[in-house]
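The structure appears below as C-alpha cells.
Chain A is the first sequence line, chain B the second, and so forth, proteins listed ahead of strands; every chain is numbered from 1. The structure presented is a predicted model; accordingly, all values stated were derived computationally and were not measured.
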Amino acid sequence: MSLNLPQILGQLEKMGAALAEQQAALRRLQPAASKALEHAASLSPQDLSAQVARAGDRYRGARPTDEPLLTAAAAPALESGLVVSGADGSQIYPDRHAPALYYVIQVGGLAMETGSGRPPHTRTHPQIFYLPEDLHDQQGYPVGNAMINGRRDAEEMKALAEWSQAHTGRPFVALLDNGLLLWFALQVREQNQKDVDRILQAYLGHLDSLQTSGGCVAGFIDRPRSADVLALAHLSTLPPDAVNDQSLRANPFRSLTDRALFDDLLGPGQRSACFIDSSPLNRDFETKGHQVRFFYLKTNARGTIARVEVPAWVAQDPARLGRVHAAILDQCRATGGFPYVLVRAHELAVVTNQDRQQLEGLIQQRLVDSHVAGRASQKATTKRWTRSRRKHQL
Amino acid sequence: MTEDDRPIGRVTRCSTRGFVGAVRLPEPEWPVFGTYCQAEAQQGRSQVIGLIYDLSIEDDELARQLAASESLSPEQLADSQVNRQVPVEYRALAIGYRNDESFVQSLPPQPPLTLAPVHRLSLADVRKFTERLEFLKLILAVPEIPVDDLLAAALQAAAAARPESERRTYLVAAAAECARLVGRDLTRLESVVRSLRPQH
C-alpha cells in the first residue's frame, strides 16, 4: 500500500494553516532579535567576552572573534588561476537482508581551474567493505550508520587534501557539502572511543595536509537551522549577575534561526563577521590547530543565506578568508545559490537504488561463482514483489 | 572489461519489433546511429540483435538551469559538454536474434527483458551477422523511421567491420540486394546506392 494521499489531505490543510501562523509569529519576533544583536554589538569586546566566560561550558552559542558583530563585508575580486575543488560522498549501509553483509562508500570530486576554459578534473572513488573488522566496531557489535558516515566524511576530506596537494603553490579552495565538525563523533564516542579517535585523527591529518599545502577549506551549509548567533545576542542582554542555566534556556529567540537575522543585515554577496563554534567537539579541533569558525553569506540577490565553516587558520588570514568568500560566490552564480562544484561532486558520488540493485546482482553472481550460498532474505524478496505495484494518482 | 564488453545501457521498453535503451555516459562513449547491438532475451537463451536508429537526450534539470543562467563560466560549459554523464535514450530496431552461436535474420520470438544490459556487437559478430542480407527487408518494412539513412549507416558499418580488401565487394553485393528490394522506386534506389559508395 502506498501513502494514502486522499486520507492525508485533511491533515495537510491544518498543516498549512499552522505553518502560516508560525511564520507570522517568527516575523513578529525578528525585530527584537535584530535589536538584541545590535545590543551585543554595542558592548565592548571585553565586556562581551566576559559575559561569554560567565556562561561557561553550559553555553551553546557563538563566541565572538575580533571582527565587529555587525560586519557586512563584500568579497574581494576573484584571483586569476584560482583552483576550486569540491567533494561529496555517498554510501550503501549494511543490510542484513542483502545477499551478503557489506557496505560501500563512494566519494566523488572535481577540481576546476577558473579562467582556464578547460573542463575540470573529475574523480569517483568507490570502496566496498566486507571483512569482519570492517563490519564490527571495537566492541564486536555490527558497525552503525553513524560510524559509516564518519568514515565517509573522512574520505571526503582526504579527497580534498589530495586535490590540494596536487595544486600546491596555486591559490586553492576546497569545498565540502557540510559543516567541518565531525558530528558523528558526539553520537558514538562513548561506546567506540578508539574507532572514533582513529577516524577523527585521520580527518584532522587531512586538514593538516590542506593547510600545509597552502590551500583553503570551507564547509558549505545550505539553509542552516543553527541559532548560535541568536544565543549570543540573548546572552548579551542578560544582566551579568543573572547568567545561569535558567536564564540561558529562557532564550526568547529559540524558534528563530540565524538565517532570519542575517537576511536583514547582509546585502547580496556580503558575508557576516566570523564567529567561533562553541560545540565541545570543537575543542578537539582547536587542540590540533583547526578550531572551527563560521560566517553567514548571502549567496545571491534572492536572499539565500548559507553558513560557511572554516578553520581558524583560514578565518584569521584575510587573504585566505577573502579567497574562500570570492570562490563561493563565483561558484554560486550559475546554480542559483549553491556551489557548482558541490552540485557536480554530488552527481559524481551519488549511489542510486538502481546502482545498489545492480551491485547486489553482481555480488550474487560472484557468490555463485565461488560456490557460496548467498541470496536476499525472504523479507527482502517479498518487499521486492510488492515494490513495483502501480500507484493510483490523485 | 574491454571497451567492447562494457554495456551501453539497459533496456527500458521493448517489443518484438525493437527496444529502447537508456544510459548515462560521457559523450565520447555514446553509441552512434547505425550501431549494431544486442540485448539478452528468453532468460539468456537468446540475444536480440538491434540496430540503433534514434538517439535522444533526456531532460536534465541541471543542464536546463545552466542553459538559463547568464553566468555560466567556460569551465562549467566544458564540464557539461565533456565530463557529465548525460542521460541518453536510444531506440533500436530488432533485425534478428542469436541462438547459441548462430544468427537468425528475422524478428525475435520474444523481446529482451526490461533492464537487460545492451552491448555493442563485436566486429567479428557484425561481420558474421551481416554475411547474409535478409535483415535489409526488416529495415525497409518499418514506417516512420529514416529507413534510407539507416540502411546506408548499417551497411557502411558492416563494410567497415571487414578487411579493407573486402569492403567494396560487400557494398556492391549489398547495393544489388537493395536494387532487388526497392527496384520499383528508382529515386529511392539512387539515393541508397549513392550513400553506399565506399568511404575514403
Side-chain angles (χ1 to χ4, degrees), chain A residues 78 80-86 108-124 268-269 299-302 326-327 329-358 360-362 365 368 384 388, chain B residues 1-2 5-14 20-30 39-41 43-45 57-89 112-119:
Chain A
L78 198 70
S80 66
L82 176 71
V83 179
V84 185
S85 173
L110 66 161
M112 181 179 269
E113 297 177 35
T114 55
S116 71
R118 289 193 294 272
H121 299 282
T122 61
R123 192 189 297 163
T124 302
T299 57
N300 59 25
R302 290 206 313 274
L329 279 187
D330 184 59
Q331 284 289 316
C332 287
R333 280 187 225 287
T335 40
F338 191 79
Y340 179 86
V341 289
L342 293 182
V343 176
R344 288 283 288 121
H346 171 77
E347 189 179 36
L348 289 163
V350 71
V351 179
T352 64
N353 265 340
Q354 199 186 344
D355 295 334
R356 184 190 177 130
Q357 283 167 25
Q358 286 182 27
E360 292 196 346
L362 292 171
Q365 189 58 50
V368 169
R384 204 180 60 230
S388 57
Chain B
M1 192 178 276
T2 66
D5 297 334
R6 283 171 56 183
I8 51 170
R10 288 183 179 272
V11 173
T12 56
R13 296 194 297 282
C14 44
V20 175
V23 68
R24 294 183 81 92
L25 285 174
E27 190 270 335
E29 294 170 40
W30 292 358
E40 189 178 286
Q43 298 182 336
R45 294 197 304 279
I57 294 172
E58 286 179 43
D59 199 30
D60 178 343
E61 289 191 38
L62 176 60
R64 240 188 306 160
Q65 164 71 31
L66 296 177
S69 168
E70 291 172 1
S71 316
L72 190 64
S73 73
E75 299 79 42
Q76 290 165 346
L77 182 64
D79 186 34
S80 278
Q81 293 183 333
V82 178
N83 288 336
R84 281 197 70 223
Q85 298 199 336
V86 177
V88 177
E89 189 177 86
L113 290 171
T114 309
L115 295 186
V118 183
H119 289 87

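- For the pair B:Ala39 and B:Pro112, the tightest heavy-atom approach, listed with the atom from each and the gap, is CB-CB, 3.8 Å.
- For A:Val343, the part lying under 4.5 angstrom from a heavy atom of chain B is the side chain only.
- In the displayed structure, B:Arg64 atom CZ is contacted under 6.0 Å by more than 12 heavy atoms of other residues, nucleotides or ligands.
- A donor-acceptor contact shorter than 3.5 Å is absent between the side chain of B:Asp79 and the backbone of B:Gln76.
- Here the shortest heavy-atom pairing between B:Asn83 and A:Arg344 reads CB-NH2, 3.6 Å.
- Among the candidates A:Pro119, A:Gly115, A:Ser116, the residue making the largest number of heavy-atom pairs closer than 4.5 Å to chain B is A:Pro119.
- Only the side chain of A:Leu110 has a heavy atom closer than 4.5 Å to any heavy atom of chain B.
- For A:Glu113, the part lying under 4.5 angstrom from a heavy atom of chain B is the backbone only.
- With a 4.5 Å cut-off on non-hydrogen atoms, B:Leu77 does not touch chain A at all.
- With a 4.5 Å cut-off on non-hydrogen atoms, A:Arg118 touches chain B through its backbone but not through its side chain.
- In terms of heavy atoms, A:Leu82 sits closest to A:Ala327 at CD2-CB, 3.8 Å.
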